[in-house]
Each structure stands twice: as structure tokens, then as C-alpha cells.
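What you see is a predicted model; the values in this text were computed from it and never measured.
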Amino acid sequence: MEDFHNGHEGSFNSEETDGIVKECIENVVGGDDYSANLVNKWTAGIVERCLAQLVKQGKSYKYIVTCAVMQKTGAGLHTANSCYWDTAMDGSTTVRWENRTMYCVVSVFAVAVA
């Protein structure tokens, strides 16, 4: 049922947002190896760039963007979120990106402005 709304004008498009998020991660982290000294810079850069690109689209949404970066050590990472909103207009997506040394998980929440 959720996918039904993604193609309609004015509703949240998760596929388009996924592409924006992946591009932002690539531009900020690129091919770098995990570095504890750079994680704060990376996470701030990713969320700021994602917000800027989403707002630039000019759609009537308020956005919330979260980012977690974790070194690949074999440990587990589990995330979850839940939202109570208008499923016809609002939406969210989570992108999991990885390279050989780290994972990056970015969630975007879009709440339509009436």
C-alpha cells in the first residue's frame, strides 16, 4: 500500500530520496577508510548535505535526517523507527551504505506541511 503513494505528485518519493542520500554519503565519505577522528565530521556533513539537497527540491515537507556510522568489526547494528502520521503524504526511508571498513545508516523522515 505504501508504494502506491510514492508515484503520486505531492507525496513522498522514497526512491528519489534514496538516490539523494546515497549521493550525499558518497560525496562526504567517498572511498575513505573508517577513522574515529573523522566520524563526527562525516555524520554532520552527511545530514547537512542531505537536508540541503532535499530542501532544494522545493517540496512542502519538513525533514528530519539521522545518520549513524559504524566501523566494520563484526558487531551487530540494529535500528528501528516508528511514525504516527498521514501515510498518504508523509514518508520515510532508510539507506544502508557500506564500504570495506564501515557501515553508514541514514534515515530521512518527511512530514508534509499543510
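- For Asp90 (side chain) and Phe12 (main-chain N/O), no donor-acceptor pair under 3.5 Å exists by modelled atom type.
- Between Thr79 and Asn81, the side chains place no donor N or O within less than 3.5 Å of an acceptor N or O (distance only, hydrogens not considered).
- Contact annotation: the side chain of Ser92 never approaches that of Ser107 to less than 4.5 Å [non-hydrogen atoms, C-beta and beyond].
- A pairwise comparison of heavy atoms in Ala112 and Met89 identifies CB-CB, 3.9 Å as the closest pair.
- Here the shortest heavy-atom pairing between Gln53 and Cys24 reads CG-SG, 4.0 Å.
- Side-chain contact check for Val111 versus Trp85: some heavy-atom pair is nearer than 4.5 Å.
- Heavy atoms only, all atoms of each residue included: Tyr103 and Arg96 are closest at CE2-NH2, 3.3 Å.
- For the pairing with Val69, the side chain to side chain contact (heavy atoms under 4.5 Å, CB included) check across Asn40, Leu38, Val29, Thr43 returns one residue only, Thr43.
- Proximity of Glu98 to Cys104: side-chain heavy atoms (C-beta onward) are nowhere separated by under 4.5 Å.
- We find the NZ-CG distance between Lys59 and Asn13 to be 5.5 Å, quoted to the nearest 0.5 Å.
- Considering only residues two or more places apart in sequence or on other chains, Val28 meets the side-chain contact (heavy atoms from CB on, under 4.5 Å) condition with Trp42, Ile46, Arg49.
- Under the 4.5 Å side-chain criterion, counting only non-hydrogen atoms from C-beta, Val105 is not in contact with Val95.
- A chain of hydrophobic side-chain contacts below 4.5 Å, direct or via other Ile, Leu, Val, Met, Phe, Trp or Tyr residues, connects Ile25 to Tyr63.
- When side chains are defined from C-beta on, Gln71 does not count as touching Val39, because their heavy atoms never get closer than 4.5 Å.
- Pairs passing the side chain to side chain donor-acceptor pair (under 3.5 Å) check and including a residue from residues 18-29, sequence neighbours excluded, read Asp18-Thr93, Glu26-Trp97.
- Between Ile20 and Leu54, the closest side-chain pair of non-hydrogen atoms falls below 4.5 Å.
- The cationic group of Lys72 does not satisfy the cation-pi geometry with Tyr34, failing either the under 6.0 Å distance to the six-membered ring centre or the 45° limit from the ring axis.
- Val65 places a side-chain heavy atom less than 4.5 Å from the side chain of Val106.
- Looking only at side-chain heavy atoms (C-beta outward), Val108 and Val21 come within less than 4.5 Å of each other.
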